[in-house]
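Report on the structure given below.
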Amino acid sequence: MNKKITIAIDGFSSTGKSTIAKKLARHLNYIYVDTGAMYRAVALYALENGLITATDFDHEGLVSHLPDITLKFIYNPALAHSEVYLNGINVEGKIRSMEVSNVVSRVAAVPEVREKLVEQQRFMGRDKGVVMDGRDIGTVVFPDAELKLFMNAGAKARAERRTAELKAEGREVTYEDVLRNIEERDYIDANRKDSPLQKAPDAIDIENTDLTIEGLFDKILKLVDDVM
Ligand code: DC
């Protein structure tokens, strides 16, 4: 039997990280952890409790509320992946809204938020056999991961894909708003002081502008085979 490993998938927004991570976890029978969903759930909490708006952020208020925030992943057999629960409520649908996308990078820049979520992520991946996607998995959460991928794709291709996905979910979005949001999040995520988005020195670059999901998956499976 192959040994269990940790697979860290980092990269810019909407580069296909979670699609690949989910597919890989299913194929390997590994746990999949969508760390972006955790930051999104905290951002949703901040929005619902009036702690953040487009212009203001009561960031000390959010830090003082952190002990009241409980996040859990519960497996949904119908979808064959886990969904995120905020204080006992399934928020998987709500966290993908543009309202949340527009504030999440500011929430994710707060060191105390990161500290809490990173601790939980390390716990979820403690036994290996995990595929985790995010921005700091290969650099901060699991610097010893056996396989680290760093995904990128052109901003326009990403915005087109993301707009199509959101529309397919029945959300009213425009390509321009999605592109603006992707570019803004990339900037904040890559320039924050605490754990900025950056490629770990030992991560493998995956350029995904022109690849289909199948082409990308085949390429990544070969990389997995090499380390297993
Ligand atoms: O992967 P995503 O687009 O759902 O992530 C939402 C936001 O959360 C993203 O703009 C940056 C932040 N994030 C982070 O700072 N660290 C992670 N490990 C995952 C996400």
Side-chain angles (χ1 to χ4, degrees), residues 6-22 25 32-47 52 57 59 62 69 71 73 81-84 86 91-125 130-143 145 148-153 155 158-159 161-163 165-166 169 171 173 177-200 203 206 208:
T6 300
I7 303 177
I9 306 186
D10 290 304
F12 291 93
S13 300
S14 304
T15 44
K17 296 186 300 295
S18 66
T19 308
I20 283 298
K22 259 183 228 154
Y32 163 57
V33 181
D34 174 358
T35 64
M38 300 170 73
Y39 289 95
R40 285 174 179 273
V42 176
L44 176 68
Y45 180 95
L47 276 173
I52 197 164
F57 183 12
H59 118 236
L62 177 61
I69 300 179
L71 302 179
F73 283 101
H81 64 78
S82 297
E83 295 178 300
V84 70
L86 167 64
V91 290
E92 194 63 32
K94 278 190 176 175
I95 60 168
R96 312 285 166 195
S97 67
M98 284 306 283
E99 287 74 21
V100 171
S101 295
N102 284 333
V103 300
V104 63
S105 285
R106 285 187 287 145
V107 169
V110 176
E112 290 87 348
V113 170
R114 305 202 68 80
E115 196 185 340
K116 176 177 168 114
L117 300 195
V118 167
E119 187 188 337
Q120 208 174 332
Q121 290 153 12
R122 288 191 178 135
F123 185 75
M124 290 188 279
V130 66
V131 185
M132 202 171 280
D133 79 340
R135 304 293 187 290
D136 59 342
I137 311 305
T139 50
V140 174
V141 182
F142 290 118
K148 300 181 186 179
L149 306 176
F150 192 84
M151 309 232 331
N152 203 355
R158 292 190 277 142
R161 252 184 297 199
R162 190 74 193 128
T163 308
E165 270 170 27
L166 289 166
E169 287 171 10
R171 301 181 196 269
V173 291
D177 283 347
V178 172
L179 178 63
R180 198 176 316 118
N181 174 255
I182 283 180
E183 290 180 333
E184 189 182 287
R185 282 199 290 138
D186 284 350
Y187 181 82
I188 302 177
D189 296 343
N191 289 284
R192 67 179 174 228
K193 283 208 186 75
D194 186 354
S195 323
L197 165 65
Q198 55 187 194
K199 180 179 171 286
I206 306 282
N208 174 28

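Order of listing sets the numbers, starting from 1, for every ligand and every atom in it.
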**Request:** Identify the protein heavy atom lying closest to atom 3 (O) of ligand 1, giving its residue, its atom name and the separation to 0.1 Å.
**Result:** Arg185 NH1, 2.8 Å
**Message:** For atom 19 (C) of ligand 1, what is the closest protein heavy atom, and at what distance to 0.1 Å?
**Reply:** Thr35 OG1, 3.3 Å
**Request:** Would you give the length of the straight line joining atom CZ of Phe73 to atom CD of Gln120, rounded to the nearest 0.5 angstrom?
**Result:** 8.0 Å
**Prompt:** Hey, what do you get for CZ (Phe142) to CG (Asp10), rounding to the nearest 0.5 Å?
**Reply:** 12.0 Å
**Asked** Taking the non-hydrogen atoms of Arg114, is any one of them nearer than 4.0 angstrom to ligand 1?
**Response** yes
**Request:** Say whether Arg192 and ligand 1 are in contact under the criterion: heavy-atom distance to a ligand atom below 4.0 Å.
**Result:** yes
For [X], atoms of ligand 1 separated by under 4.0 Å from a heavy atom:
X: Gly134; answer: 17 (C), 18 (N), 19 (C)
X: Ala108; answer: 12 (C), 15 (O)
X: Ser105; answer: 10 (O)
X: Asp189; answer: 9 (C), 10 (O), 11 (C)

**Asked** Considering only heavy atoms, does Arg40 approach ligand 1 within less than 4.0 Å through its side chain, its backbone, both, or neither?
**Response** side chain
**Request:** Record the part of Arg135 in heavy-atom contact with ligand 1 below 4.0 Å; permitted values are side chain, backbone, both and neither.
**Result:** both
**Asked** Do other residues, nucleotides or ligands put more than 12 heavy atoms under 6.0 Å from Glu115 CD?
**Response** no
**Message:** Within a 6.0 Å radius of atom NZ on Lys94, are there more than 12 heavy atoms belonging to other residues, nucleotides or ligands?
**Reply:** no
If you measure every N or O of [X] against every N or O of ligand 1, does any of those distances drop under 3.5 Å?
X: Asp34; value: no
X: Arg96; value: no
X: Tyr39; value: no
X: Asp133; value: no

Do [X] and [Y] sit within salt-bridge range, that is, some charged N less than 4.0 Å from a carboxylate O?
X: Asp189; Y: Arg135; result: yes
X: Arg114; Y: Asp136; result: yes
X: Arg158; Y: Asp186; result: yes

**Prompt:** Looking only at heavy atoms, what is the nearest atom pair of Ala159 and Val178, with distance?
**Reply:** O-CG1, 3.9 Å
**Item:** Member of Lys22, Lys17, Arg96, Arg40 meeting the salt bridge (charged side-chain N to carboxylate O under 4.0 Å, His left out) criterion with Asp34
**Value:** Arg96
